[in-house]
Amino acid sequence: MKVLVVGGTGLIGGHAALYLAGKGHDVTLMARSAPSVPALAELPFIPTHYVEDDVTDGRLAGFDWLVFAAGVDIRQLPQDGSVTEDAFYTRYNTEGIPRFFAAAKAAGIKRAAYIGTFYPQVAPEKIETSPYVRSRALADDAIRAMSDDTFAVCSLNAPFVLGHLPGLEVEHLYYNYLYAKGFMEGVPMFAPEGGTNHITTPSLSEAVLGALEHGESGRAYLVGDENLTWKAYFELWCDAVGNPQDLEVRSEEHPLLPDVIMFAGRGATVSYQPEGVEELGYGTGRVAATIAELVAHFEARQ
């Protein structure tokens with residue numbers, strides 16, 4: 001199939017693009033900037049800003065499947081006060097994502113997998129209070145409502161994602177490595193209360209393929225892998241770097257998990273049984289191995 005991967009230069013979209021290409025599909029990337037990862041640079045690329053550019057100009061024609069791994073979060077939110085959270089997320093998520101999907105449907109794309117976030121499903125009370133969670137929920141609802149006999153859409157609402165794509169540096173994962181090694185001078189080592197589910201990029205990419213091949217149209221799958229307390233999670237990193245710890249659990253804000261990114265709330269435990277494991281055919285049990293792979297990569301950089 002001819003597959004368009006929007007957001008295909010990032011960790012999640014890039015891994016999915018390479019996985020689909022490895023399965024024999026004809027993959028094209030779409031993003032604002034050309035890929036820096038050598039393996040991704042070998043794939044066809046269409047420079048596009050999914051909100052600001054006119055995607056009804058024919059650039060979406062000829063594709064069979066769509067993977068959407070774009071959308072915005074706190075990392076893209078301007079910090080200079082030039083725009084409110086609500087206005088920013090409304091433009092890029094609530095309005096921008098459904099507009100793009102409507103253009104994809106009009107262009108004749110038949111099946112689409114949207115990679116969203118788990119927050120609207122695991123913390124639905126935050127839809128009313130968090131502009132980000134609300135924007136993701138509204139976008140998700142709107143695009144799945146487009147499903148019909150000509151356009152099958154399903155969502156893969158993912159938790160915290162771990163993965164390694166050679167040539168792409170993911171800053172927050174590198175900070176986890178430095179923290180576990182004890183290299184962040186003056187930063188106390190402890191674990192916050194609560195925990196969450198995690199998923200790896202290999203599992204998420206497998207879920208993407210399953211969704212495109214036979215996912216239930218109009219469904220939002222709450223995908224995931226392993227439920228871990230934050231204590232267990234950070235201790236996995238410590239074990240992997242050769243600095244085993246019995247971390248103290250504290251109620252205070254954690255240096256690597258600031259309150260501003262913890263949309264379920266500081267100290268919350270987000271634990272659930274992942275959906276679609278058998279139906280979509282994705283693997284589980286990869287969290288520890290993926291952390292070890294990341295550590296090996298970061299060690300090689302030193």
Side-chain angles (χ1 to χ4, degrees), residues 6-14 30-37 47-53 68-100 114-120 122-123 125-140 157-163 165 168-179 183-190 192-194 196 198 230 233-234 250-268 270 294 298:
V6 181
T9 59
L11 174 64
I12 294 171
M30 179 174 280
R32 288 179 293 176
S33 302
S36 59
V37 173
T48 300
H49 190 298
Y50 78 91
V51 173
E52 296 179 1
D53 293 344
F68 193 94
V72 298
D73 56 32
I74 189 97
R75 293 169 296 179
Q76 292 83 34
L77 176 67
Q79 300 299 310
D80 59 4
S82 60
V83 63
T84 66
E85 281 189 67
D86 190 52
F88 179 73
Y89 291 131
T90 295
R91 183 184 182 204
Y92 288 96
N93 291 340
T94 308
E95 299 173 352
I97 295 174
R99 186 186 306 117
F100 187 94
Y114 168 69
I115 301 175
T117 177
F118 68 163
Y119 284 115
V122 300
E125 70 280 2
K126 300 298 181 180
I127 294 173
E128 294 299 321
T129 60
S130 167
Y132 170 69
V133 178
R134 180 165 58 252
S135 72
R136 283 294 201 172
L138 292 173
D140 191 357
N157 289 328
F160 285 71
V161 180
L162 285 162
L165 194 58
L168 181 69
E169 298 303 332
V170 182
E171 189 174 66
H172 74 273
L173 296 176
Y174 182 53
Y175 288 156
N176 284 354
Y177 163 75
L178 295 177
Y179 188 73
F183 286 172
M184 300 181 75
E185 187 175 351
V187 178
M189 290 190 68
F190 68 95
E193 295 177 332
T196 191
H198 302 261
W230 288 116
Y233 175 72
F234 282 114
R250 303 183 191 174
S251 61
E252 64 198 69
E253 185 176 28
H254 193 271
L256 299 188
L257 298 170
D259 291 350
V260 70
I261 71 167
M262 302 298 285
F263 293 102
R266 188 198 304 178
V270 181
L294 283 162
F298 294 139

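Please read these numbers as outputs of a predicted model, since none were measured by experiment.
Checked by atom type and distance alone, the side chain of Tyr89 never pairs as donor or acceptor with a backbone atom of Val133 at under 3.5 Å. Put simply, the side chain of Asn93 gets close to the backbone of Val72: a donor and an acceptor are under 3.5 Å apart.
Separating the OG1 atom in Thr90 from the CD atom in Glu85 is a distance of 10.5 Å, to the nearest 0.5 Å. In this structure, CD1 on Ile74 lies 8.5 Å from CD1 on Ile261, to the nearest 0.5 angstrom. Rounded to the nearest 0.5 Å, atoms OG1 (Thr9) and CD1 (Ile12) are 12.0 Å apart. Rounding to the nearest 0.5 Å places CG of Leu138 at 7.5 Å from CD1 of Ile127. Rounding to the nearest 0.5 Å places CE of Met30 at 13.0 Å from OH of Tyr50. Rounding to the nearest 0.5 Å places OH of Tyr114 at 12.5 Å from CZ of Phe100.
Looking at every heavy atom in both residues, Leu294 comes nearest to Gly163 through CD2-O, 3.3 Å. Across all their heavy atoms, Leu168 and Leu11 have their closest contact at CD2-N, 3.4 Å. What you find for Val83 and Ala87 is that their closest heavy atoms are CG2-CB, 3.7 Å. Nearest heavy-atom pair across Gly13 and Ala69 is CA-CB, 3.8 Å.
Aromatic ring pairs are classed by plane angle as parallel below 30°, tilted from 30° to 60° and perpendicular above 60°; the pair Phe263 and Tyr119 is perpendicular. Between Tyr92 and His49, the ring planes lie tilted relative to each other; the angle falls in the 30° to 60° range.
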Exercise for review: Let me see the working for Phe298 and Leu178 under side-chain contact (heavy atoms from CB on, under 4.5 Å), right down to the final yes or no.
Suggested key: CA-CA 9 Å; Phe298 294 139; Leu178 295 177; over 6 Å; no
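Surrounding CD of Glu125 are more than 12 heavy atoms belonging to other residues, nucleotides or ligands, all under 6.0 Å away.
Partners of Glu171 by side-chain hydrogen bond (donor to acceptor under 3.5 Å, both in side chains), not counting sequence neighbours, listed by chain and number: Tyr175. Arg250 is linked by a salt bridge (Lys or Arg N to Asp or Glu O under 4.0 Å) to Glu248, Glu252, counting only residues two or more places apart in sequence or in another chain.
At least one side-chain heavy atom of Asn176 sits under 4.5 Å from a side-chain heavy atom of Tyr233. Under the 4.5 Å side-chain criterion, counting only non-hydrogen atoms from C-beta, Met189 is not in contact with Phe234.
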Kindly list each side-chain donor-acceptor pair under 3.5 angstrom involving residues 253-260, sequence neighbours excluded, with atom names and distances?
from	atom 1	to	atom 2	distance (Å)
Glu253	OE2	Asp259	N	2.7
His254	ND1	Leu256	N	3.0
His254	NE2	Tyr179	OH	3.2
His254	NE2	Phe190	O	2.9
Asp259	OD1	Arg266	NE	3.0
Asp259	OD2	Arg266	NE	3.3
Asp259	OD2	Arg266	NH2	2.6

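Using a 4.0 Å cut-off between a side-chain N of Lys or Arg and a carboxylate O of Asp or Glu, Asp73 and Arg136 do not qualify as a salt bridge.
A donor atom on one side chain and an acceptor atom on the other are not found under 3.5 Å apart for Thr84 and Asp86.
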